[in-house]
Amino acid sequence: MVRTFDNKDVPFDCQAAEFVCRVLIDPHHRFTMARYFDTHWFMNYRESD
(Lines give C-alpha, C1' and ligand atoms only; values in the text may rest on other atoms or scores of the structure.)
Protein backbone atom coordinates (compact mmCIF):
# COMPACT_ATOMS: atom_id res chain seq x y z
CA MET A 1 0.00 0.00 0.00
CA VAL A 2 1.32 3.44 -0.93
CA ARG A 3 -0.11 6.71 0.36
CA THR A 4 0.02 9.52 -2.20
CA PHE A 5 0.60 13.21 -1.51
CA ASP A 6 -3.13 13.82 -1.89
CA ASN A 7 -3.74 11.32 0.96
CA LYS A 8 -5.07 8.46 -1.18
CA ASP A 9 -4.07 4.85 -0.59
CA VAL A 10 -2.92 2.97 -3.70
CA PRO A 11 -2.56 -0.82 -3.44
CA PHE A 12 0.32 -2.61 -5.20
CA ASP A 13 0.41 -6.34 -5.73
CA CYS A 14 4.16 -6.80 -5.26
CA GLN A 15 6.80 -6.91 -2.54
CA ALA A 16 8.52 -3.78 -1.29
CA ALA A 17 11.82 -4.59 -3.04
CA GLU A 18 10.07 -4.97 -6.41
CA PHE A 19 8.18 -1.71 -5.86
CA VAL A 20 11.40 0.20 -5.10
CA CYS A 21 13.16 -1.36 -8.09
CA ARG A 22 10.34 -0.32 -10.41
CA VAL A 23 10.28 3.21 -9.01
CA LEU A 24 14.01 3.50 -9.72
CA ILE A 25 14.19 1.96 -13.21
CA ASP A 26 10.73 1.92 -14.86
CA PRO A 27 9.96 5.27 -16.54
CA HIS A 28 6.29 4.28 -16.89
CA HIS A 29 5.66 3.37 -13.23
CA ARG A 30 3.08 5.55 -11.50
CA PHE A 31 5.57 6.74 -8.86
CA THR A 32 8.67 6.67 -11.06
CA MET A 33 11.82 8.66 -10.54
CA ALA A 34 13.44 7.11 -13.64
CA ARG A 35 11.78 9.42 -16.16
CA TYR A 36 13.40 12.45 -14.57
CA PHE A 37 17.00 11.26 -15.01
CA ASP A 38 18.83 10.17 -18.15
CA THR A 39 21.42 8.31 -16.03
CA HIS A 40 20.61 6.65 -12.71
CA TRP A 41 22.38 7.91 -9.62
CA PHE A 42 23.75 4.41 -8.94
CA MET A 43 25.41 4.11 -12.36
CA ASN A 44 29.08 4.83 -12.96
CA TYR A 45 29.51 8.17 -14.78
CA ARG A 46 33.12 7.46 -15.77
CA GLU A 47 33.99 5.96 -19.11
CA SER A 48 35.14 2.34 -19.16
CA ASP A 49 38.79 1.65 -19.85
Heavy-atom closest pair (Val23 atom, Phe31 atom, distance to 0.1 Å) is CG1-O, 3.3 Å
**Study point:** Any side-chain heavy-atom pair of Phe19 and His29 under 4.5 Å
**Key:** yes
Show me, pair by pair, the donor-acceptor contacts under 3.5 angstrom made by side chains of residues 7-16, not counting sequence neighbours?
| residue | atom | partner | partner atom | Å |
| --- | --- | --- | --- | --- |
| Asp9 | OD1 | Arg3 | NE | 2.8 |
| Asp9 | OD1 | Arg3 | NH2 | 3.0 |
| Asp9 | OD2 | Arg3 | NH2 | 3.1 |

